Engineer: 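Let me begin by handing over the structure; questions about it come next.
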Amino acid sequence: MFRFYFNSEKWNPTREQWLAATRCITTKELERIHRFVFQRDAKSALVGQLLIRFILSKAFPQSSSSFVVERTPYGRPQIISNPSFDFNLSHQYQLVCIAGTFDGRVGCDTMEYRVNASRRDSIESTANLLQREFTPTEYDFIVRTSSDETVRFQHFHRIWSLKESYVKWLGQGVGYPLAQLNFSIRTREFDSSQPDQIVSDTNLEINQQSVRDELRFDEQIVYLDDNEQQILTVCLKPTHQCQPFVEVSIEDLLNARVPLNTNENADENWWLLFEKQKLS
Ligand code: COA
Ligand code: MG
């Protein structure tokens with residue numbers, strides 16, 4: 001099992017780095033990346049592509065054959081040429097993360113968990129908006145276990161990320177009836193004195209049937225600057241070891257050696273397009 005994350009918020013790409021990265025990515029993906037309005041989204045999408053390449057270099061260190069990664073009709077990137085390895089990536093807020101395994105499928109999601117920016121809405125208005133997507137157990141966990149609005153938003157994002165990790169494990173897109181999924185949280189709070197803590201005792205019932213024998217959910221907090229936190233959630237077979245995500249640097253990503261069918265030449269135009277994307 002492989003789990004990696006990158007903080008794209010902290011990365012201010014240089015021209016050299018951006019062009020080096022574009023050489024590792026297919027033209028189709030580059031066109032998608034440069035269509036985003038904001039640089040933040042372009043960076044996350046580009047890092048996602050680099051993380052795919054990075055995880056393949058770790059999973060297949062000896063390989064000299066070429067990998068073909070394509071999206072399913074639902075948009076999920078998968079290795080067409082070697083389906084024994086499954087991976088899934090996610091990007092939101094500051095982080096981009098990826099998990100991959102040779103043992104079954106994997107679903108991965110990340111969300112902000114604790115942020116300093118003040119909220120415009122109360123949790124009640126947010127949860128009411130999504131009430132039809134949460135079960136009464138989940139709704140209670142979000143709204144009733146604490147009167148502290150920060151904690152309530154943490155619980156909201158935690159359940160949301162669990163649901164997303166399952167939907168992404170399935171490989172379907174929007175449209176899955178999320179209220180059929182009922183997550184019961186046992187470990188309510190993470191222990192900040194153990195930064196690599198993995199909580200794996202959260203249970204999922206689908207239509208009142210526990211799936212404990214088939215699926216496990218690993219949840220981890222990444223402690224960011226300024227006391228902020230982000231949650232990383234993985235849906236996987238229970239046979240896997242619990243292991244934390246490992247942070248990688250831009251050098252790690254750019255130096256990964258993996259034969260992917262990509263562009264040989266740097267095209268200055270990609271950097272010009274990136275510079276034109278908006279900062280915020
Ligand atoms: N299944 C699994 N993974 C998918 C996917 C799919 N159908 N489609 C795309 N992905 C991968 C891609 O790698 C994508 O990144 P990329 O486009 O840069 O390559 C990445 O997952 C996006 O994941 P994430 O960053 O976590 O985005 P998201 O949280 O917006 O969710 C979907 C992605 C596809 C699952 C989303 O469109 C969706 O359907 N979400 C569930 C709907 C919902 O209502 N959730 C609310 C929960 S309360
Ligand atoms: Mg997500």
Side-chain angles (χ1 to χ4, degrees), residues 1-34 36 39-71 77-82 84-102 106 108 110 195-196 220 222-225 230 232 234 243-275 277:
M1 174 104 222
F2 305 85
R3 307 184 200 198
F4 302 108
Y5 76 90
F6 178 82
N7 189 320
S8 64
E9 183 74 16
K10 281 193 194 160
W11 179 43
N12 291 313
T14 62
R15 176 183 164 280
E16 286 66 32
Q17 287 172 336
W18 194 261
L19 291 178
T22 62
R23 279 197 290 273
C24 310
I25 296 170
T26 62
T27 308
K28 197 172 169 188
E29 290 295 335
L30 284 173
E31 284 167 357
R32 185 180 70 90
I33 289 163
H34 292 88
F36 285 110
Q39 282 192 349
R40 167 195 287 258
D41 297 324
K43 264 197 305 179
S44 297
L46 178 119
V47 168
Q49 292 296 309
L50 293 178
L51 275 170
I52 294 177
R53 197 168 161 271
F54 184 76
I55 206 168
L56 292 180
S57 76
K58 296 296 173 194
F60 301 95
Q62 311 295 340
S63 181
S64 58
S65 61
S66 191
F67 293 94
V68 181
V69 176
E70 276 180 15
R71 289 178 189 266
Q78 290 190 173
I79 312 174
I80 306 296
S81 47
N82 199 332
S84 64
F85 185 73
D86 189 50
F87 66 86
N88 194 227
L89 70 91
S90 179
H91 35 75
Q92 200 257 349
Y93 201 53
Q94 296 197 18
L95 305 183
V96 189
C97 59
I98 194 163
T101 181
F102 286 103
V106 64
C108 180
T110 185
D196 277 347
Q220 180 186 347
V222 170
Y223 295 86
L224 306 167
D225 289 350
Q230 188 153 344
L232 309 181
V234 185
Q243 61 184 100
F245 278 82
V246 173
E247 185 169 13
V248 293
S249 67
I250 190 63
E251 288 77 23
D252 294 332
L253 294 180
L254 292 177
N255 291 335
R257 296 264 165 266
V258 63
L260 267 180
N261 204 10
T262 49
N263 304 288
E264 293 297 310
N265 304 312
D267 182 347
E268 182 73 26
N269 207 28
W270 296 124
W271 173 247
L272 300 178
L273 284 172
F274 175 67
E275 280 191 310
Q277 287 170 310

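On a predicted model such as this, the values are computed, not experimentally measured, just so you know.
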Engineer: Nearest 0.5 Å, please: how far is CD1 in Ile55 from CD1 in Ile98?
Structural biologist: 4.5 Å
Engineer: Verify salt bridge (charged side-chain N to carboxylate O under 4.0 Å, His left out) between Arg15 and Glu268, making sure each step is shown before the conclusion.
Structural biologist: CA-CA 9 Å; Arg15 176 183 164 280; Glu268 182 73 26; 2.6 Å; yes
Engineer: If you measure from the Lys or Arg side-chain nitrogens to the Asp or Glu carboxylate oxygens, is any gap between Glu247 and Arg3 under 4.0 Å?
Structural biologist: no
Engineer: Heavy atoms only: give me the nearest Gln94-Gln230 pair and the separation to one decimal.
Structural biologist: N-OE1, 3.1 Å
Engineer: Just how far is it from atom CG of Leu46 to atom CZ of Phe36, taken to the nearest 0.5 Å?
Structural biologist: 10.5 Å
Engineer: With side chain to side chain contact (heavy atoms under 4.5 Å, CB included) as the criterion, how do Leu51 and Val248 come out once you've worked through the C-alpha distance, each side chain's angles and the decisive distance to 0.1 Å?
Structural biologist: CA-CA 9 Å; Leu51 275 170; Val248 293; 4.0 Å; yes
Engineer: With a 6.0 Å cut-off on the ring centroids, do Phe245 and Phe4 count as close?
Structural biologist: no
Engineer: Strictly by modelled atom types, are Gln17 and Trp11 linked by a side-chain donor-acceptor pair under 3.5 Å?
Structural biologist: yes
Engineer: Determine yes or no for a side-chain-to-main-chain donor-acceptor pair under 3.5 angstrom, with Ser81 supplying the side chain and Val68 the backbone.
Structural biologist: yes
Engineer: Calculate, to the nearest 0.5 Å, the distance between atoms NZ and OG belonging to Lys43 and Ser8 respectively.
Structural biologist: 5.5 Å
Engineer: Tell me if the aromatic rings of Phe67 and Phe60 count as close, with their centers under 6.0 Å from one another.
Structural biologist: yes
Engineer: Where do Gln220 and Pro244 come nearest, in terms of heavy atoms and distance?
Structural biologist: OE1-CA, 3.5 Å
Engineer: For side chain to side chain contact (heavy atoms under 4.5 Å, CB included), just list the numbers for Gln243 and Met1, CA-CA rounded to whole Å, side-chain angles, deciding distance to a tenth of an Å, and then say yes or no.
Structural biologist: CA-CA 8 Å; Gln243 61 184 100; Met1 174 104 222; 3.2 Å; yes
Engineer: Counting C-beta onward and ignoring hydrogens, is there a side-chain heavy-atom pair between Val69 and Thr26 closer than 4.5 Å?
Structural biologist: no
Engineer: Classify the angle between the aromatic ring planes of Phe102 and Phe2 as parallel (below 30°), tilted (30 to 60°) or perpendicular (above 60°).
Structural biologist: perpendicular
Engineer: Less than 4.5 Å apart, side chain to side chain, heavy atoms only: is that true for Val96 and Leu50?
Structural biologist: no
Engineer: Is it true that Asp252 and Ser249 share a donor-acceptor pair across their side chains at a distance under 3.5 Å?
Structural biologist: yes
Engineer: I'd like to know if Glu9 and Arg40 make a salt bridge, using a cut-off of under 4.0 Å between side-chain N and carboxylate O.
Structural biologist: yes
